[in-house]
Amino acid sequence: MKQVLITGATSGIGEQLAIDYAKSGWQVFACGRNQAKLNELASQHQGISTFRFDVTDADAVKDAARLLSGQIDLLILNAGNCEYIDDPMRFDGSLFERIIKVNLISLGYCLEHYLPKIRKGGQLAIVSSSAAFLPFPRATAYGTTKAGASYLAKTLSIELARYNIDVSLVNPGFVKTPLTDKNGFEMPMRVSVDYASNAIIKGLEKRKREIHFPTKFTYILKLLAALPDPIWRYIANKMVRAQQAHS
Ligand SMILES: NC(=O)c1ccc[n+]([C@@H]2O[C@H](COP(=O)([O-])OP(=O)(O)OC[C@H]3O[C@@H](n4cnc5c(N)ncnc54)[C@H](OP(=O)(O)O)[C@@H]3O)[C@@H](O)[C@H]2O)c1
């Protein structure tokens, strides 16, 4: 039986991944803070065991890892959050710190304690975001963390090759989850968690270095990112003006 550990498995993309891997016969270690949701996952799905810890708490991450005996085939670092900085002139330093802790610092804690648990020939997936492709207004904190997560995944993919561990960087577009339900703006080509989970599982099966979806959306962003800076600036300035008019 193959084993996968998923952080952020109590909601959205991570929850769907946990359910889908369990349905396919994997042993799933689902992680999160929401105990009620963890209980629900374990009681309603065969093959799901749970670990409750806060990914921003180094000791809690370490303690939970100690409880995991044996090795895993796949580690999916997916836990994360998004908050926006609406006014750069009133830069919210504590929001910035909060988002960096949950989306980036936590990756270091998890890698320290769970990377050695991946068996030879196993896989690591880091869930970043297509927001890392380009600088998006208001995503100052979120985009910074996801740019960092993407760099981390790409570097590890080179460094871990000699340990026979494949690394996949996951860059979703918009996915309908509680995280994006909070957004008060239009989200082009937003997909369901089923779509996201299916794309991630298929990509991981193929050991893709980058998994991005929906591709119609992500290729447009990749194309924009490849354009000369003045063109992107023109588009970004239009976005800022549209947002200002909206608010
Ligand atoms: N939805 C999108 O459109 C989208 C697009 C691109 C990238 N992403 C990325 O995909 C990942 C999952 O997002 P989602 O949309 O599925 O969000 P979500 O529904 O809000 O789920 C977030 C998950 O992260 C966990 N989490 C948050 N803070 C945590 C903490 N301090 N300690 C432990 N677990 C924590 C939550 O669990 P608890 O509350 O139980 O702790 C929850 O299971 C995130 O990294 C996000 O940035 C999402």
Side-chain angles (χ1 to χ4, degrees), residues 5-20 28-42 48 50-65 75-84 95 97-110 113-114 125-134 136 139 141-150 152-153 168-197 199-200 203 210-214 217-218 221:
L5 187 140
I6 305 168
T7 65
T10 54
S11 173
I13 299 170
E15 179 182 5
Q16 194 60 47
L17 282 170
I19 293 169
D20 291 347
V28 176
F29 300 106
C31 310
R33 292 168 303 178
N34 182 339
Q35 188 65 62
K37 193 72 204 192
L38 291 172
N39 293 346
E40 185 189 310
L41 279 169
I48 300 190
T50 62
F51 288 108
R52 182 172 186 270
F53 61 90
D54 183 331
V55 289
T56 66
D57 179 340
D59 290 333
V61 173
K62 183 167 142 192
D63 291 345
L75 171 63
I76 304 181
L77 299 179
N78 160 76
N81 199 3
C82 178
E83 292 180 69
Y84 295 109
L95 180 160
E97 181 183 14
R98 220 165 33 241
I99 294 300
I100 288 182
K101 273 191 178 161
V102 68
N103 288 356
L104 199 53
I105 305 278
S106 73
L107 295 178
Y109 299 152
C110 290
H113 299 291
Y114 289 104
I126 293 183
V127 180
S128 181
S129 170
S130 53
F133 296 170
L134 285 161
F136 287 100
Y142 183 73
T144 298
T145 63
K146 292 303 184 181
S150 297
L152 179 67
S168 297
L169 164 63
V170 182
N171 285 323
F174 289 113
V175 183
K176 185 173 170 19
T177 69
L179 184 142
T180 51
D181 284 344
K182 292 183 293 191
N183 288 343
F185 55 85
E186 209 182 303
M187 287 165 275
M189 297 182 226
R190 186 158 71 144
V191 298
S192 67
V193 282
D194 288 298
Y195 183 106
S197 171
I200 294 170
E210 189 198 2
I211 300 164
H212 60 97
F213 59 85
F217 179 69
T218 48
L221 290 187

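Counting starts at 1 for both ligands and their atoms, following the listed order. This structure is a prediction, so every number in the text was calculated from the model and none was measured.
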Pairwise side-chain contact, [X] with [Y], heavy-atom cut-off 4.5 Å (strictly under):
X: Arg190; Y: Thr180; value: yes
X: Thr56; Y: Ile105; value: no
X: Lys182; Y: Asn81; value: yes
X: Asn171; Y: Thr218; value: no

| request: Answer yes when Lys176 and Asp194 have at least one side-chain N-carboxylate O distance shorter than 4.0 Å, and no when they do not. | output: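 Salt bridge flag = no for Asp194 with Lys176.
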Select the closest option to [atom] among [options], judged by heavy-atom distance.
atom: atom 10 (O) of ligand 1; options: Val102, Asp57, Val127; answer: Val127
atom: atom 42 (C) of ligand 1; options: Thr7, Leu179, Thr10; answer: Thr10
atom: atom 45 (O) of ligand 1; options: Asn78, Asn34, Asn183; answer: Asn78
atom: atom 22 (C) of ligand 1; options: Pro178, Gly80, Gly8; answer: Gly80

Considering the heavy atoms of [X], write down every atom of ligand 1 situated less than 4.0 Å from one of them.
X: Gly12; result: 16 (O), 19 (O)
X: Thr180; result: 1 (N), 2 (C), 3 (O)
X: Val55; result: 30 (C), 31 (N), 32 (N), 33 (C)
X: Ala9; result: 43 (O)
X: Phe174; result: 3 (O)
X: Tyr142; result: 6 (C), 7 (C), 8 (N), 9 (C), 46 (C), 47 (O)

Shortest protein heavy-atom distance from [atom], along with the residue and atom involved:
atom: atom 18 (P) of ligand 1; value: Ser11 OG, 3.5 Å
atom: atom 41 (O) of ligand 1; value: Arg33 NE, 2.5 Å
atom: atom 31 (N) of ligand 1; value: Asp54 OD1, 2.9 Å
atom: atom 26 (N) of ligand 1; value: Ala79 CB, 3.9 Å
atom: atom 4 (C) of ligand 1; value: Gly173 O, 4.0 Å

| said: Does only the side chain of Phe53 get under 4.0 Å from ligand 1, or the backbone, or both, or neither? Count heavy atoms. | reply: backbone
Polar contacts were defined as any N/O atom of the residue lying under 3.5 Å from an N/O atom of the ligand; does this apply to [X] and ligand 1?
X: Ser129; result: no
X: Val175; result: yes
X: Lys146; result: yes
X: Thr177; result: yes
X: Ile13; result: yes
X: Gly32; result: no

| Worked check of side-chain contact (heavy atoms from CB on, under 4.5 Å) between Lys146 and Asn103 | CA-CA 7 Å; Lys146 292 303 184 181; Asn103 288 356; 4.1 Å; yes
Does [X] reach ligand 1, in the sense of a heavy atom lying below 4.0 Å from it?
X: Asn81; value: no
X: Lys101; value: no
X: Ser130; value: no
X: Ser128; value: yes

| Would you call the rings of Tyr84 and Phe185 parallel, tilted or perpendicular, where under 30° means parallel and over 60° means perpendicular? | perpendicular
| task | Evaluate the ring planes of Phe53 and Tyr114, with Trp represented by its six-membered ring, and classify them as parallel (under 30°), tilted (30 to 60°) or perpendicular (over 60°). | result |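 Rings of Phe53 and Tyr114: parallel, under 30°.
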| request: Decide side chain to side chain donor-acceptor pair (under 3.5 Å) for Ser150 and Ser128; before the verdict, give the C-alpha distance in whole Å, the side-chain angles of both, and the deciding distance to 0.1 Å. | output: CA-CA 6 Å; Ser150 297; Ser128 181; 2.8 Å; yes
| said: Please determine whether the number of non-hydrogen atoms from other residues, nucleotides or ligands lying under 6.0 Å from atom NZ of Lys62 exceeds 12. | reply: no
| field | Phe136-Tyr142 aromatic ring centre distance below 6.0 Å | value | no
